[in-house]
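Remarks on the structure that follows.
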Amino acid sequence: MAMQELTYREALRQALADAMTEDNRIVVIGEEVGIYGGAYGVTRGLIDRFGAERLVDTPISEPAIVGAAVGAAMTGLRPVAELMYVDFLGLVLDQLANQAAKIRYMFGGQIGVPLVLRTQGGTGRSAGAQHSQSLEGWVMHTPGLRLAMPATVADAYHLLRHSLTLPDPVVFIEHKALYTRKEAVDLAVPVLPWGRAAIRCAGSDVTLVAYSRMVSVAERAAEALSNEGIEAEVIDLRTLNPLDMETVAKSVIRTGHAVVVSEACLTAGPAAELVARITEECFDFLEDPVLRLAAEDIPVPVSPALEVATIPTVSLIQDTVRRMLNR
Amino acid sequence: MAMQELTYREALRQALADAMTEDNRIVVIGEEVGIYGGAYGVTRGLIDRFGAERLVDTPISEPAIVGAAVGAAMTGLRPVAELMYVDFLGLVLDQLANQAAKIRYMFGGQIGVPLVLRTQGGTGRSAGAQHSQSLEGWVMHTPGLRLAMPATVADAYHLLRHSLTLPDPVVFIEHKALYTRKEAVDLAVPVLPWGRAAIRCAGSDVTLVAYSRMVSVAERAAEALSNEGIEAEVIDLRTLNPLDMETVAKSVIRTGHAVVVSEACLTAGPAAELVARITEECFDFLEDPVLRLAAEDIPVPVSPALEVATIPTVSLIQDTVRRMLNR
Amino acid sequence: MNDRPNMPLPDLYRTMRRIRSFEERVAELYVRNGTAGSMLHLSIGEEGAAAGVCAALRPDDSFTTHHRSHGIFLARGADPNRMMAEIAGKSDGYCRGKGGSMHIADMALGHLGANAIVGGGIPHAVGAGLSYRRLGSGAVSVAFFGDGAMQQGVLYESMNMAALWQLPVLFVCVNNQYGMGTRIDRAAARTDFAERAEVFGLAAMNVDGENVGAVFTAAEALIASARAGRPGFLCVSCFRFYGHGRMDKSPYRSAEEEEAGRRRDPLLTARNALIERGLATTAELDAVDAEIANEMDATIEFAIAAEPPPLSAMFDDVYAPGEVRPEPMRMRLERILACT
Amino acid sequence: MNDRPNMPLPDLYRTMRRIRSFEERVAELYVRNGTAGSMLHLSIGEEGAAAGVCAALRPDDSFTTHHRSHGIFLARGADPNRMMAEIAGKSDGYCRGKGGSMHIADMALGHLGANAIVGGGIPHAVGAGLSYRRLGSGAVSVAFFGDGAMQQGVLYESMNMAALWQLPVLFVCVNNQYGMGTRIDRAAARTDFAERAEVFGLAAMNVDGENVGAVFTAAEALIASARAGRPGFLCVSCFRFYGHGRMDKSPYRSAEEEEAGRRRDPLLTARNALIERGLATTAELDAVDAEIANEMDATIEFAIAAEPPPLSAMFDDVYAPGEVRPEPMRMRLERILACT
Ligand SMILES: Cc1ncc(C[n+]2csc(CCOP(=O)(O)OP(=O)(O)O)c2C)c(N)n1
Ligand SMILES: Cc1ncc(C[n+]2csc(CCOP(=O)(O)OP(=O)(O)O)c2C)c(N)n1
Ligand SMILES: [Mg+2]
Ligand SMILES: [Mg+2]
C-alpha cells in the first residue's frame with residue numbers, strides 16, 4: 001500500500017475493516033455503531049460491508065454491553081465494545097475492572113477476555129462536565145487492563161490493529177478533538193511495537209512526556225521553544241499499560257529535565273505515575289523536579305471561555321519549560 | 001466524657017449515633033444497615049434507637065442507593081449511603097463521580113450534595129479479587145469528592161463526625177481489618193482539624209507517609225527500625241482530599257528521605273500522587289527518590305498464603321528504609 | 001381532547017408555543033453565536049409531554065430531567081432569557097454558564113437538574129421523594145427521561161425502590177420513539193413501557209402526547225396517587241420532529257415516517273381544539289404566537305450580549321465557599337519553581 | 001412429582017445428596033482448616049434448583065453463577081476434590097487457589113464463572129448467547145443468580161438484550177427468599193418475579209424448588225425454547241436453610257419461619273417420592289447416601305493435604321503468558337535502590 005491521506009477517524013475505520021476482514025470472530029457491539037455509523041462516525045459504512053450481525057446496535061445499556069462483550073470474549077468471539085464517551089466509565093467499571101480485568105487471574109489462567117473497549121474522551125466541544133473528561137487514570141490504576149491512547153493517524157490504525165490481536169482486555173481511548181486530524185500515512189509500513197513509546201521530536205534540553213491529544217500540543221510547544229534556542233524532546237507514550245519507561249528514562253537521563261503533559265485531572269492521575277516513575281528511575285540525573293502539566297482539578301465547565309483554560313496549552317508548556325531552565 | 005475503651009467499629013457506631021441525635025436530617029441508607037446491623041456490624045442496634053425511617057434497609061441496588069442519596073442530599077436530608085464493599089465502586093461511580101461530585105459545579109453553585117458515602121476496603125479476609133480492593137485512588141482522582149480514611153479509633157469517630165458536617169460529598173473508607181482495633185479514647189477531646197495529617201511517631205531519619213491500615217504497619221516498622229537506631233517519622237494522612245502537604249513537606253525537608261506506604265495498587269494510585277507532590281515540593285532536600293511501597297499491580301488472590309504477600313509488610317518497610325539509608 | 005373542567009387548555013397552548021418558539025431560537029443561536037455548547041437537543045414535538053405534566057405539578061414539587069429538557073423547564077416557568085444565556089455558556093445563565101443545555105437547574109423552581117447521562121437523574125427523584133416523605137412536606141418529585149432510558153438498569157432499581165417505600169414519585173418517560181438513531185422497536189422486544197412499571201408495583205399509564213389534555217389528565221391522576229403514597233409511571237408517546245442533535249439529519253428514518261410523525265403535532269392539535277370549541281379565535285392565537293415570538297427573539301439578543309463567566313469563576317463551586325479550594329495550575333507551578 | 005418419562009429422579013436425588021453432603025463438609029472444612037476463604041455461602045435447601053436445571057443442560061451449554069453456587073457446579077459434574085481444594089485456596093483447586101468459593105470456574109464443563117458481585121455474571125451469559133448464535137453452535141447459556149439480583153439493574157438490561165436479539169439464554173433466579181437478612185418482601189413491592197421477565201419478552205415461569213422434577217421439567221421446556229431463539233426466565237422458589245454466610249445466625253427471622261422453610265426440603269421430598277413410587281428402597285437410598293458421604297469426607301482430606309500455590313504464582317495470569325508481566329515490588333525497589 002502506498003502513502004495515503006487519512007484522518008484519524010478514517011484510520012480507525014480502516015483498522016476495524018481490515019481486522020474484521022482478516023478475523024471474522026470480531027464483532028463490534030455498542031450504541032449506534034451500526035446504522036448510525038457511530039456517534040463520532042468511526043464505524044460509518046461498516047454495517048454495509050459486514051452486516052448487522054457484526055455491527056451490533058445495542059440498547060442504551062452500558063453495563064450489559066460491556067458485560068456481554070466479556071461473555072462473548074470468553075466463548076469464541078473477539079468483541080469490540082464501544083462506549084460512546086469515556087465519561088460513562090462510571091457505569092461500566094464493575095464489568096471492566098471487576099470482571100474483564102480479573103477473570104484470567106481469578107480463574108487461575110484458564111481463560112482470557114480478549115475484548116477491546118473503544119471509547120473517546122477529552123475536551124474541545126464545550127460538552128460539559130459529563131462529556132469532556134479524561135478518565136484514563138482509573139483504567140491505568142486497574143491491573144489486568146491494557147490501555148492505548150493514540151495521538152497520530154498512523155497509531156490510530158496500528159494500535160487498534162494490534163489491540164485486536166492481544167489476548168487480554170484493552171481499553172482504547174480516542175480523542176474527540178483528533179478525529180479530523182489528517183496525515184499522509186503508509187499503513188503497510190510497520191510502526192513501533194505495542195508498548196513502545198515514540199520520540200516525536202528529538203531534543204537535548206528537556207523531555208516532554210505526553211500522550212493522546214497532548215502530544216501535538218507538546219510538539220507545538222517544542223517548535224516554539226526551538227525558536228528560542230531550547231531543544232525539547234517530545235515523547236508520545238502511545239500506551240499507558242504497558243508503560244515504556246525505558247524510552248522515557250533514557251531521554252530524561254540525557255536531558256535532566258522532564259515535564260509530563262496530560263489532559264486528565266492532576267491529582268492521582270496518569271501524570272502522577274509518570275512523575276513517580278521518572279523520579280524513581282532518573283533521580284540522580286534530574287536537575288529539577290519533574291513537573292506536571294495536567295487538567296485543573298475541577299469539573300469541565302461548558303462555557304468555551306472557561307473550558308479551554310482547564311487543560312494545558314502550548315503557552316503553559318513554553319512558560320514552564322522556560323522557567324524550569326531559567327531562561 | 002472520660003477515657004473509654006472502644007473499638008474502631010464501636011467508635012464509628014458512636015459517631016453515627018451522636019451525629020444522628022444532634023441532626024435529625026441524617027439518615028443512613030444501604031444494604032443491611034438496619035435490622036441486620038451492617039455487614040461488618042457498624043450500625044448494629046441503631047435501628048432500635050432511631051427507627052427504620054432513619055436506618056433505611058435497601059434492595060441490592062447500588063446505583064440507585066447512591067443516586068437516591070444524591071437526591072435526598074439536595075432536598076434537605078443528610079444521607080449516609082453505605083456501600084458494603086469499596087469493590088462495588090465500579091457500580092456507583094457514575095452517581096458518585098458524574099453526579100454527586102459535579103452537581104455544585106455544573107449548577108453554578110446553586111446547591112451542594114452533602115452526603116457521606118461510607119464503605120470499607122482492603123485485604124485481610126481472603127475474600128478474593130472482588131472483595132479485597134483498595135480503590136481510594138479512583139476517588140482521589142475525582143474533583144469534588146472529599147476523602148477520609150481513618151487509621152485510628154479516635155479518627156474513626158472524629159473524622160466521621162466531621163464528615164457529617166461538611167457541605168460537600170465525602171467518601172469515607174474504613175478498613176475491614178481495623179474494625180476490631182481497640183484504643184482508649186476520650187471522644188470529647190478535640191483532635192486535629194479536618195484535612196490535617198497527624199504525626200503518629202516523630203523521627204528525623206526518614207518520613208513514612210501512610211493512611212488507613214498502613215499507618216499501624218508503618219508504626220510497627222518504625223518501632224523495629226528504632227531498635228536499630230533509625231528514627232522514622234510516621235505521618236498519618238487521615239484525609240486524602242484534602243491532602244495536607246504542609247505537614248508532609250515539613251517532615252521530609254527535615255529528614256531528606258521519604259517512603260510512601262499504601263495498600264492500593266501501585267500504578268497510578270494514591271502513592272504516585274504523594275511521590276509527585278513530595279518531589280515537587282521538597283526536591284532540593286531529598287537525598288534519595290521518594291519510594292513507594294504499595295500493593296502489587298495484580299488482583300488479590302484468595303489463597304491466604306498469596307494474599308498477605310500482595311501488600312506492604314513491616315519487614316518490607318524495614319528493609320526498604322535500611323537500604324535507602326545504606327545501613 | 002379531554003374535557004376535565006380544570007383543564008387549562010389555553011394556558012397549555014401558550015406553554016407549548018413558548019417551547020416551540022424557544023427551541024426554534026436555540027437552533028438559530030448556535031448559528032449566530034458559535035460559542036454555545038455543542039450538545040443541543042431540541043424538544044420540538046414533545047411539547048405536550050412537558051406542558052401537560054408540568055401543569056399538574058404544585059409549586060413545591062420538584063423534578064429532574066434528561067438531556068432534552070428545555071421544554072420541561074420552560075413549562076415549569078423558567079425565564080427564557082436565563083435559559084438561553086445558560087445554553088450559550090454565559091454568566092447570566094441559570095448555572096452561570098458552567099452547565100449549559102444539558103445541565104440546567106434551578107432550585108427556586110424545583111428543577112433539581114438536567115442530566116447528560118441517560119438515566120442519571122432518575123434516582124435523584126427517588127431521593128427527593130424520600131426527603132419529602134421524611135420531612136412530611138407533601139411534595140412530589142418527578143423524574144423525566146427518554147425512551148432510551150427504558151433500557152438503563154438504574155430505572156428499574158429506582159422504580160422498585162419507589163414502589164417498595166411508597167414514595168411520592170412520578171416517573172415520566174418522554175417516548176419520542178427514538179434514542180439517537182435507534183427506534184424503540186430496535187431497542188426493546190416489547191415496547192409497552194407501562195407494563196414494565198406495573199410489574200414493579202407502580203400505578204402506570206401510557207398516554208398519547210399529541211393530546212396535551214390527555215397528558216395533563218393522566219399526570220394529575222398519577223401525581224395525586226404519588227402524593228398519596230402510590231408512586232406512578234407515565235409514558236407519553238410523541239415524536240422527535242428533528243434529529244437527535246444539531247448535526248443529525250436522521251438518515252436512518254424515511255421521509256414518510258418523519259412526515260407521519262410530524263403530523264402528530266401537539267401544538268396544532270391544541271390550536272384546532274381551541275378554535276373548534278370556541279375557546280379562542282385564530283386571530284387571538286396568532287396574537288399569542290406573535291407575542292411569544294417577540295419574547296423569544298429577545299432571548300437570543302440577551303444571550304449574545306451577555307458576558308461569558310470570568311476566568312476566576314473556574315475554581316468556584318468545586319467545593320462550597322469557605323472550603324479548601326483547588327489550587328490553580330499556574331499558581332502551583334509558580335510555587336514549585338520558586339523553591340528550586 | 002412430575003411424571004415425565006425422561007425425568008431421571010434417581011439421578012436427581014443422587015445429585016442433590018452430593019450437594020448437601022458436600023456443603024456440610026464445607027462448613028467443616030472451615031473449622032478444621034482455618035485457611036479457607038472467609039466468604040462461604042452454603043446452598044443447602046437449594047439443591048432442587050441446581051440439580052433440576054443442570055440435568056436439563058447439554059454438555060456444550062454453559063453457565064455463569066452467583067456467589068452461592070457450589071451446588072450448581074456439582075450438579076454440572078464438578079470434581080468435588082478440586083472444588084474443595086479451590087475453596088481452601090489450594091493449588092489443586094479449579095482456579096489454582098486464586099479464585100476460591102466465589103470465583104470458581106471451569107471452562108471444560110462450561111462453567112464461565114461464579115461471581116462475587118451480585119448480578120455481575122448475568123450479562124456474561126448474554127454475551128455467551130451472542131457467541132453461540134453467531135458461531136451457530138446450538139448451545140444455550142444460563143445465568144444463575146439469587147433473588148437479591150432481581151433488584152440489580154443489569155439484570156433488566158440483560159433480559160432486554162436477550163429478548164431483543166432472540167438469544168439462546170436462560171435466566172435462572174434461585175429464589176431462596178433472602179438476600180442476606182432481607183426477605184424478598186422487604187426488597188420488592190411485588191415479588192412475582194416471572195412477570196418482571198415476561199414484560200421484557202421472555203418466556204417466563206415460576207416453579208417450586210422443593211420439587212426437583214418440576215424444576216427439571218420447567219427448565220427443559222425453557223432451555224428448548226431458548227435454543228430455538230426465545231430466551232427464558234425461571235424463578236425457582238426455595239429456602240436458604242442456614243445463614244447468609246458462616247457467621248450469620250439469621251437473627252432476623254423467626255424459628256418458626258426457619259422450621260417451615262426447612263420443611264420444604266427438596267431432598268426429603270425426592271426421597272419420599274422415590275420410595276412411594278417404588279423406584280428405590282430406603283436401604284438403597286441409605287447406601288447411596290453412605291457412598292456419597294465417604295466420597296465427600298475424602299474431599300476434605302484432599303483439600304487439607306493439598307499444597308497452597310507457590311508465591312511465584314502470584315504474578316501469573318494477570319496477563320496472558322508471554323505478555324508484559326507486572327514487576328514484583330521487591331524487584332522494583334531493588335532496581336531503584338541499585339541506581340541511587
Ligand atoms: C449513559 C449514557 N449513554 C449514552 C449516552 C449518549 N446519548 C445521549 S442521548 C442518547 C439517546 C437517548 O435517547 P432517549 O433517552 O430516548 O432520549 P431522547 O434523545 O430521545 O430525548 C444517547 C445514546 C448518554 N448521554 N448517556
Ligand atoms: C453488587 C453487590 N452488592 C452487594 C453484595 C453483598 N452481598 C453478597 S451476597 C448478598 C445477598 C445476595 O442475595 P441473593 O442474590 O438473594 O443471593 P443469596 O445470598 O440469597 O444466594 C449481598 C448483599 C455483593 N456481593 N455485590
Ligand atoms: Mg427518545
Ligand atoms: Mg437469596
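Chain letters run A, B, ... following the sequence lines, proteins first and then strands; every chain starts at 1. Nothing here was measured: the structure is a model prediction, and the numbers come from that model.
No part of D:D192 comes within reach of chain C, as not one of its non-hydrogen atoms sits under 4.5 angstrom from that chain. Heavy atoms of D:F200 lying under 4.5 Å from chain C belong to its backbone as well as its side chain.
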- Message: Run the side chain to side chain contact (heavy atoms under 4.5 Å, CB included) test on C:E157 and D:Q152 for me, step by step, so that the C-alpha distance in whole Å, both residues' side-chain angles and the decisive distance to 0.1 Å come before the verdict.
- Response: CA-CA 6 Å; C:E157 299 184 358; D:Q152 276 281 350; 3.8 Å; yes
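Shown here for C:E198 and D:R190, the closest heavy-atom pair between the two residues is O-NH1, 2.9 Å. The minimum heavy-atom distance linking C:D185 with D:L164 is given by the pair O-CD1, 3.9 Å.
The most heavy-atom pairs under 4.5 Å with chain C, out of D:A163, D:G201, D:A188, come from D:A188.
To the nearest 0.5 Å, the span separating CZ on C:R196 from CD on D:E195 amounts to 14.5 Å.
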